[in-house]
Amino acid sequence: MPIDSTYPKSFASDNHAGVHPTILEAVAAANHGDAPAYGDDRWTSTFQDHIRDVFGPGAEGFPVLNGAGANMVGLAPMLGRYDAIICADTAHIATHETGATERLLGAKLLTASTADGKLCPQDITTRLDTLGSHHNSQPRVVSISQVTELGTCYSPEEIAALADTAHAAGLLLHMDGARLANAAAHLNTTLSAITTEVGVDIFSFGGTKNGALAAEAVIVLSSSSLAHAIPFLRRQSLQLASKMRFISAQLSALLTNDLWRHNATHANEMATRLANGIADLPGITLAYPVQSNAVFATLPKPAAAALLTRYLFHYWDETAGTVRWMTAFDTTPDHVDDFLDDIRKSLVLP
């Protein structure tokens with residue numbers, strides 16, 4: 001459905017939001033004169049300094065073009081030709097990347113059913129009995145999403161337990177961090193506390209869903225040999241931007257003065273405002289805890305149909321009547337309150 005100024009604020013995705021003014025200013029500032037291509041520029045050098053400051057002196061960052069590409073580039077150096085990835089059955093790599101992991105990386109996905117989108121150590125250990133068998137793909141990577149596709153967050157302790165279990169079995173831990181900022185904001189912690197300090201090996205750092213124009217990065221924490229392979233795999237995967245300065249400038253802007261936290265905290269608060277607003281409405285229930293900028297609500301289908309005539313959002317489980325409402329850095333309290341008024345009207349409430 002096309003969207004223009006006649007539509008109210010979209011609650012379909014944080015990808016629908018515009019670009020934060022500070023990030024636009026950073027892009028404009030980088031748009032003066034010539035600069036070397038493919039990352040040999042001062043903006044990318046500054047970005048690397050930010051990565052080391054935020055994630056530790058051993059961290060290395062590689063700007064890429066989009067989130068799915070970040071996952072492919074990040075997973076590629078961790079996998080051999082016969083290896084497998086353990087992930088939740090709701091993981092983005094398993095549901096919304098058109099089989100890219102299988103097609104491009106040739107890796108089998110060993111999915112686990114979860115109640116809240118989060119893996120637990122047992123989901124790893126129960127899939128280790130095929131290690132060493134030449135009849136089976138070999139588990140090599142555990143991949144988690146932070147925030148999960150159900151809007152829930154892993155605590156630092158939960159991530160550390162997964163990392164310990166994976167590493168003890170000789171596996172690596174990958175994190176899809178498309179909404180990593182929202183998780184850190186919800187947990188009121190630093191970005192490194194849910195990555196570097198708890199044993200994550202490689203993760204993606206998402207900017208696009210947090211106010212950037214088109215900016216993601218692959219961050220390598222644990223192995224120089226993994227980092228060495230990334231530039232080649234990034235180029236081979238069509239994720240190397242020639243004018244990289246414009247991506248690096250955006251990522252640096254997010255990491256300057258904690259703009260990432262400001263944007264993510266605001267988006268989370270707007271989701272909480274929305275969830276609180278529907279808490280006492282009859283006929284509506286929350287399908288999952290609200291721990292980020294996502295609200296999963298189950299409501300009568302006539303109400304959802306009425307709302308869909310005015311607002312953009314998606315069904316998550318149409319059979320159950322569960323929809324997903326997303327907020328963003330530019331969602332305002334008035335946007336939420338107007339939406340709540342229309343939700344009440346859709347329920348034929350006074």
Side-chain angles (χ1 to χ4, degrees), residues 1 3 7-17 88-92 94-96 113-118 144-155 176 178-183 185-187 206 209-210 263-350:
M1 177 187 299
I3 184 168
Y7 285 87
K9 174 64 176 171
S10 173
F11 287 90
S13 175
D14 37 14
N15 284 326
H16 287 202
D89 58 4
T90 51
H92 206 265
T95 60
H96 284 86
S113 178
T114 70
D116 56 3
K118 298 194 293 185
I144 61 175
S145 300
Q146 179 76 311
V147 174
T148 75
E149 287 71 21
L150 302 183
T152 53
C153 294
Y154 287 94
S155 69
D176 178 343
R179 295 185 177 93
L180 182 68
N182 299 90
H186 170 73
L187 296 165
K209 292 178 171 62
N210 197 27
N263 289 353
T265 298
H266 178 79
N268 290 0
E269 288 175 348
M270 293 301 98
T272 299
R273 185 185 187 95
L274 177 56
N276 289 342
I278 65 172
D280 296 327
L281 295 182
I284 298 185
T285 58
L286 290 175
Y288 306 106
V290 178
Q291 298 177 349
S292 58
N293 61 325
V295 177
F296 290 82
T298 302
L299 68 163
K301 289 187 178 180
L307 290 168
L308 282 167
T309 65
R310 295 200 64 225
Y311 292 90
L312 293 177
F313 60 88
H314 301 298
Y315 266 107
W316 184 259
D317 183 343
E318 190 165 0
T319 301
T322 302
V323 300
R324 187 188 74 166
W325 295 326
M326 299 294 300
T327 54
F329 80 92
D330 60 353
T331 305
T332 67
D334 284 345
H335 289 146
V336 174
D337 293 345
D338 288 346
F339 188 38
L340 285 168
D341 285 342
D342 282 334
I343 292 173
R344 295 186 187 99
K345 292 174 184 176
S346 76
L347 296 168
V348 196
L349 295 176

How many angstroms lie between CG in L274 and CD1 in I343, if you round to the nearest 0.5 Å? 5.5 Å
Spacing of CZ belonging to R324 relative to CG belonging to D317, to within rounding of 0.5 Å: 13.5 Å
Least distance between heavy atoms, A306 atom then S346 atom: CB-CB, 4.2 Å
Check: N293/D14 side-chain N/O donor and acceptor closer than 3.5 Å: yes
Quick check for you: to the nearest 0.5 Å, what is the distance between H96 atom NE2 and E149 atom CD? 8.5 Å
Please examine the side chains of V290 and R273, heavy atoms only from C-beta on, and report whether any two atoms are closer than 4.5 Å. no
Any idea which heavy atoms bring I278 and A297 closest together, and the distance? CD1-CB, 4.0 Å
Tell me, do F296 and L286 make a side-chain contact under 4.5 Å, heavy atoms counted? no
Going through the checks in order, is the side-chain contact (heavy atoms from CB on, under 4.5 Å) test met by L307 and D342? CA-CA 7 Å; L307 290 168; D342 282 334; 4.0 Å; yes
Show, in sequence, the C-alpha distance, side-chain angles and deciding distance for D116 and Y288, and conclude whether the side-chain hydrogen bond (donor to acceptor under 3.5 Å, both in side chains) test is met. CA-CA 7 Å; D116 56 3; Y288 306 106; over 6 Å; no
Establish, from distance only, whether the side-chain atoms of H16 and S13 form a donor-acceptor pair under 3.5 Å. no
Would you check if the side chain of H266 reaches a backbone N or O of T331 as a donor-acceptor pair within less than 3.5 Å? yes
Spacing of OG1 belonging to T309 relative to OH belonging to Y311, to within rounding of 0.5 Å: 9.5 Å
Evaluate the side-chain proximity of F313 to L308: yes if any heavy-atom separation is below 4.5 Å, no if none is. yes
Would you sort out whether T152 and K118 count as a side-chain contact (heavy atoms from CB on, under 4.5 Å), showing the intermediate values? CA-CA 8 Å; T152 53; K118 298 194 293 185; 3.9 Å; yes
Find out whether K209 and N15 are in side-chain contact, i.e. whether some heavy atom of one side chain is under 4.5 Å from a heavy atom of the other. yes
Nearest atoms (heavy-atom pairs only) where L347 meets A303: CD2-CB, 3.9 Å
Before you tell me yes or no, could you show the steps for W325 and F339 under ring pair (Phe, Tyr, Trp, His ring centres under 6.0 Å), namely the whole-Å CA-CA distance, both residues' side-chain angles and the distance that decides it to 0.1 Å? CA-CA 11 Å; W325 295 326; F339 188 38; 5.1 Å; yes
Side-chain contact, heavy-atom cut-off 4.5 Å: H335 with T332? yes
Using modelled atom types and a 3.5 Å cut-off, is there a donor and acceptor pairing between side-chain atoms of T114 and backbone atoms of G117? yes
With a 4.5 Å cut-off on side-chain heavy atoms, are T298 and I284 touching? no
Measuring from H186:NE2 to S155:OG, what's the distance to the nearest 0.5 Å? 9.5 Å
Has Q146 got a side-chain atom pairing as donor or acceptor with L180's backbone, closer than 3.5 angstrom? no
Would you compute the distance between atom CG of L281 and atom CG of L299 and round it to the nearest 0.5 angstrom? 10.0 Å
Within a strict 4.5 Å, meaning less than it, do heavy atoms of the P8 and R310 side chains meet? yes
Within-4.5 Å side-chain heavy-atom neighbours: T327 and N268: no
Which pair of heavy atoms, one from V147 and one from C153, lies closest together, and at what distance? CG2-SG, 3.9 Å
Closer than 4.0 angstrom, basic N to acidic O: yes or no for D338 and K9? no
If you take all heavy atoms of A264 and N210, which pair is closest and at what distance? N-OD1, 3.4 Å
Over all atoms of both residues, closest heavy-atom pair of S145 and H92: OG-N, 4.4 Å
